[in-house]
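It should be emphasised that the depicted structure is a prediction, and the values quoted were computed from it without experimental measurement. A note on names: the letters A, B, ... follow the listed sequences, proteins ahead of strands, and every chain is numbered from 1.
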Amino acid sequence: MTLTVASWNVNSVKARLPNVLDWLSEAKPDVACLQEIKTVDEGFPRMEIEDLGYNIETHGQKSYNGVAILSKHPIEELRCGLPGDESDEQARYIEAVIAAEGGPVRVASIYLPNGNPAPGPKYDYKLAWMERLRRHAQNLLTFEEPLILAGDYNCIPRDSDCWDIAEWESDALALPQTRAAFRALKWLGLTEAFEQLDGRGHQYTFYDYQAGRWNKGHGIRIDHLLCSPQAADHLEGIEIHTKTRGKEKASDHIPIVGSFSL
DNA sequence: ATGGTAGTGATACTA
């Protein structure tokens with residue numbers, strides 16, 4: 001049995017609804033983690049997406065952020081919000097157990113803070129959020145179950161994940177501290193799916209709307225799937241659906257889809 | 001060095 005788990009920062013689920021429906025109909029992921037839905041829960045276009053056979057859980061926010069999990073299988077054990085700071089009101093984390101046919105799989109949809117400008121309070125928030133994520137992931141790993149942390153990590157892990165690192169080296173997405181915090185996550189025992197199956201050259205998941213980045217091929221790879229050993233052992237493939245970026249009214253991010261024999 | 005674009009929501013702000 002194959003379970004496909006996708007991540008896509010849609011940059012407003014309402015503005016992107018036709019693109020989202022088209023992609024779901026074509027790619028048919030079993031699970032889709034969405035980020036930047038930019039709406040409160042009540043504003044989420046439930047019916048249109050339910051009509052495609054998805055159960056839906058959202059952790060929304062007015063105007064900014066907001067994450068969701070769509071699943072063709074039942075959704076259980078929902079968690080909204082990242083533990084570790086009760087005062088954090090930004091909707092950037094939702095987690096659930098998917099009752100897949102081959103057994104339960106825990107999945108999270110993550111919208112990690114951008115952190116620019118760095119240095120500054122926004123960058124401090126990013127690093128603190130990454131440390132909270134590390135601690136929470138450490139707890140989740142003790143369950144020794146298939147776990148996939150999918151999302152927009154706002155981290156360029158390596159120079160080769162960018163068309164020209166000189167343009168990014170002082171940016172919050174590529175600073176040494178950002179990469180160190182991302183590595184600290186992986187050192188817990190998480191496998192980054194694309195990196196694991198790499199060897200196909202550059203593939204990016206984000207092209208800025210500005211400065212004709214898409215037309216010039218100036219992209220970066222910042223959307224990732226981090227997998228527990230029990231998930232990574234069953235990783236069969238990873239795809240970046242670059243075509244979606246060329247469509248009318250495209251999101252600036254591109255879906256990434258992992259296939260697991262689960 | 002600057003500004004280029006898109007989304008929200010009605011003006012700056014986030015990215």
Review point. Should Asp88(A) and Arg132(A) count as an ion pair when the cut-off is N to O under 4.0 Å?
Key: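 Result for this pair is yes, salt bridge flagged.
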Exercise for review: Would you indicate what Tyr111(A) reaches in the nucleic acid, counting non-hydrogen atoms under 4.0 angstrom: base, sugar-phosphate, or nothing?
Suggested key: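 The residue Tyr111(A) makes sugar-phosphate contact but no base contact.
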Exercise for review: Have a look at Lys122(A) and say if it touches a base, only the backbone sugar-phosphate, or nothing, with a 4.0 Å heavy-atom cut-off.
Suggested key: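 If one applies the 4.0 Å heavy-atom cut-off, Lys122(A) turns out to touch the sugar-phosphate alone, with no base involved.
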Check your understanding: For Tyr93(A), what residues pass the side-chain hydrogen bond (donor to acceptor under 3.5 Å, both in side chains) criterion, not counting sequence neighbours?
Key ->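 Tyr93(A) satisfies side-chain hydrogen bond (donor to acceptor under 3.5 Å, both in side chains) with Glu95(A), His136(A) once adjacent residues are dropped.
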Practice item. Would you mind telling me which residue lines up with the more 5' stretch of DNA chain B, Gln90(A) or Arg213(A), judged by nearest nucleotide? Key: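 This one resolves to Arg213(A).
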Exercise for review: Could you check Tyr209(A) against Ile37(A) and say which one's nearest nucleotide on DNA chain B is further toward the 5' end?
Suggested key: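 First, find each residue's nearest nucleotide; the 5'-ward one identifies Tyr209(A).
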Practice item. For Glu50(A), enumerate each residue passing the salt bridge (Lys or Arg N to Asp or Glu O under 4.0 Å) test, keeping only those at least two apart in sequence or located in another chain. Key: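 For Glu50(A), the residues satisfying salt bridge (Lys or Arg N to Asp or Glu O under 4.0 Å) (neighbours in sequence not counted) are Arg46(A).
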Check your understanding: Residues in salt bridge (Lys or Arg N to Asp or Glu O under 4.0 Å) with Asp161(A), at least two apart?
Key ->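 Asp161(A) satisfies salt bridge (Lys or Arg N to Asp or Glu O under 4.0 Å) with Arg158(A), Arg221(A) only.
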For [N] versus [M], give the span between their [atom1] atoms, rounded off to a whole number of Å.
| N | M | atom1 | result |
| --- | --- | --- | --- |
| dT5(B) | dA10(B) | P | 24 Å |
| dG9(B) | dC13(B) | P | 16 Å |
| dT11(B) | dA6(B) | C1' | 16 Å |
| dA15(B) | dG4(B) | C1' | 14 Å |

Point to revise | Pairs meeting criterion salt bridge (Lys or Arg N to Asp or Glu O under 4.0 Å) with involvement of residues 251-262 of chain A, two or more places apart | key: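 Qualifying pairs, neighbours excluded: none.
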Check your understanding: What are the bounds, 5' to 3', of the part of DNA chain B that sits under 4.0 Å from heavy atoms of chain A?
Key ->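 Reading along DNA chain B, I get dG4(B) to dA15(B).
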Point to revise | Partners meeting side chain to side chain contact (heavy atoms under 4.5 Å, CB included) with Ala193(A) (sequence neighbours left out) | key: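 Leu225(A), Cys227(A), Leu235(A), Ile238(A).
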